[in-house]
Participant: 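So that we are looking at the same thing, I have put the structure below in structure tokens.
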Amino acid sequence: MRIRPGYTLDIVQADLDYALQKWKNLYSDQNYLFGRYIQTVTDTHDRLAQAIAEPRLAEGLLAGHYWQLVEMRGATELHGILVLEVQQQIAAIEDAQRQLKELRAYAGRPGVPVVYDTNMLNHWKQPEDVDWKTLLSGEGLDGKRARLVVPLVVIDELDRQKYGDGALARRAATAIRYLERKLDRAAPGEAVKLREGVTLEVRLDPPGHRRAEPDLEILRCAADLDGLVPGVGVRVLTDDYGMRLRAQSMGLATLRLPAAYRKASTGMDTASHEVPAPARR
């Protein structure tokens, strides 16, 4: 599930509860079903559309079958078809409530979220070798816990890159092996402990998610977290200038690692990274 900017988990819960009660009331009392069906769509559409980006519940209310049902008004078979439609809407809202419960658990994980860009797994030292406490404290954040988040699109990019030739393919393959080794015994999306105060997790795509290009997907992951846990200090970890500009345009803060954390022979200028890596704590 993805909720829209400006909405909280509690607001979404209230909107889902409202919609579910409306549709259950319609199912339990099927008198004047057609007119009440139209009214229930009207009553619930805007609340679902305004608060929830994914799943697209509001679109489901006004999908093609809605207009087909409108055109069938007066048909003898309409009642049975409407009952099935109401059942489907109830099931969709109940599934959204399940997704919201999972989203609450995701939002409640401890630590300052650091969302990884692909280049940071290819060209920089492994996540567990970074002194996150010092880096985050230097940003004015609570450095006691670092929550490292790898969007699924990053893993997909690494998978594509590992089949190429040259250093990039080798580094992508190394990054994939590292993630597999660390996450091997974890359930998909579950956070694992790298060391004291540092966890690693993969952010899976929500069901029915429509992907954008990779950079935007990474930034969406960070923006979603920033909305779910405002004030914690979500950071996008990247060394790409274009990515930093995109993040800033979305109101997201970025983080860069000192040059000493960069792998050798990357071919990148180190002039802007002359800060030595702190000793890991």
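Numbers here simply count residues along the sequence, with the first being 1.
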Participant: With a 3.5 Å distance limit and no angle check, can you tell me whether D240 reaches the backbone of G242 through a side-chain donor-acceptor pair?
Facilitator: no
Participant: With a sphere of 6.0 Å drawn around CZ of F34, does it hold more than 12 non-hydrogen atoms of other residues, nucleotides or ligands?
Facilitator: yes
Participant: Do L57 and W67 belong together in a cluster built from hydrophobic side chains that touch within less than 4.5 Å?
Facilitator: yes
Participant: Checking the side chain of Y106 only, and the main-chain atoms of L225 only, is there a donor and an acceptor separated by less than 3.5 Å?
Facilitator: no
Participant: Could you tell me whether the side chains of T174 and R171 share a donor-acceptor contact shorter than 3.5 Å?
Facilitator: no
Participant: Out of curiosity, does L168 fall in the hydrophobic cluster containing V154 (side-chain heavy atoms, cut-off under 4.5 Å, transitive links)?
Facilitator: no
Participant: Report the C-alpha separation of E102 and R104 in whole Å, then their side-chain angles, then the decisive distance to 0.1 Å, and conclude whether the salt bridge (charged side-chain N to carboxylate O under 4.0 Å, His left out) test is met.
Facilitator: CA-CA 5 Å; E102 294 176 352; R104 280 189 184 276; over 6 Å; no
Participant: Side chain of Q30, backbone of Y27: donor and acceptor closer than 3.5 Å?
Facilitator: yes
Participant: Could you tell me whether R73 and E71 have a side-chain N and a carboxylate O separated by less than 4.0 Å?
Facilitator: no
Participant: Under the side-chain contact (heavy atoms from CB on, under 4.5 Å) rule, what do R235 and L141 come out as? Steps first, then yes or no, please.
Facilitator: CA-CA 10 Å; R235 292 293 188 271; L141 303 171; 3.7 Å; yes
Participant: Hey, is CZ on R145 packed in by over 12 heavy atoms from elsewhere, all under 6.0 Å?
Facilitator: no
Participant: Can you tell me if CZ on R98 sees more than 12 non-hydrogen neighbours from other groups inside 6.0 Å?
Facilitator: yes
Participant: Judged by atom type as modelled, is there a donor-acceptor pair below 3.5 Å linking the side chain of D117 to the main-chain atoms of L237?
Facilitator: no
Participant: Over 60° means perpendicular and under 30° means parallel, so classify the ring planes of Y116 and W132, tilted if in between.
Facilitator: perpendicular
Participant: Under 4.0 Å between a side-chain nitrogen and a carboxylate oxygen: does that hold for E128 and K125?
Facilitator: no
Participant: Hey, are the side chains of P258 and L135 touching, using non-hydrogen atoms and a 4.5 Å cut-off?
Facilitator: yes
Participant: List the steps, then state whether side-chain hydrogen bond (donor to acceptor under 3.5 Å, both in side chains) holds for Q21 with D17.
Facilitator: CA-CA 6 Å; Q21 190 60 54; D17 290 346; over 6 Å; no
Participant: Among the clusters formed by ILVMFWY side chains lying less than 4.5 Å apart, do I218 and L245 turn up in the same one?
Facilitator: no
Participant: What are the two closest heavy atoms between T238 and R256, and how far apart are they?
Facilitator: O-CG, 3.6 Å
Participant: Under 3.5 Å, is there a donor-acceptor pair linking the side chains of Y37 and Q89?
Facilitator: no
Participant: Start with the C-alpha distance between Q99 and L103, add both sets of side-chain angles, then the distance that settles side-chain contact (heavy atoms from CB on, under 4.5 Å), and finish with yes or no.
Facilitator: CA-CA 6 Å; Q99 293 183 41; L103 190 63; over 6 Å; no
Participant: Tell me whether D184 is salt-bridged to R181, with the criterion being a basic N under 4.0 Å from an acidic carboxylate O.
Facilitator: no
Participant: Within the side chain of Q126, is there an N or O that forms a donor-acceptor pair under 3.5 Å with the backbone of D129?
Facilitator: no
Participant: Could you go through R109 and T199, starting from their C-alpha distance and side-chain angles, then the distance that decides it, and tell me whether this counts as side-chain contact (heavy atoms from CB on, under 4.5 Å)?
Facilitator: CA-CA 10 Å; R109 291 176 182 170; T199 60; over 6 Å; no
Participant: Do you reckon L26 sits in the same ILVMFWY cluster as M72, going by side-chain contacts under 4.5 Å, direct or chained?
Facilitator: yes
Participant: Indicate yes or no: does R220 engage E217 in a salt bridge with an N to O separation below 4.0 Å.
Facilitator: yes
Participant: Check each of R2, R203, R4 against D224 using the salt bridge (Lys or Arg N to Asp or Glu O under 4.0 Å) test, and report the only one that passes.
Facilitator: R2
Participant: Would you mind reporting whether E85 and I81 have side-chain heavy atoms less than 4.5 Å apart?
Facilitator: no
Participant: Check the surroundings of atom CG in D29: do more than 12 heavy atoms from other residues, nucleotides or ligands lie under 6.0 Å from it?
Facilitator: yes
Participant: Say whether, by atom type as modelled, one donor and one acceptor occur between the side chain of S249 and the main chain of R246 under 3.5 angstrom.
Facilitator: yes
Participant: With a 3.5 Å distance limit and no angle check, can you tell me whether K24 reaches the backbone of I90 through a side-chain donor-acceptor pair?
Facilitator: no
Participant: Examine distances only and state if a side-chain atom of R36 and a backbone atom of N31 form a donor-acceptor pair shorter than 3.5 Å.
Facilitator: yes
Participant: Hey, any chance Y18 and Y7 share a hydrophobic cluster, counting ILVMFWY side chains that come within less than 4.5 Å of each other, even indirectly?
Facilitator: no
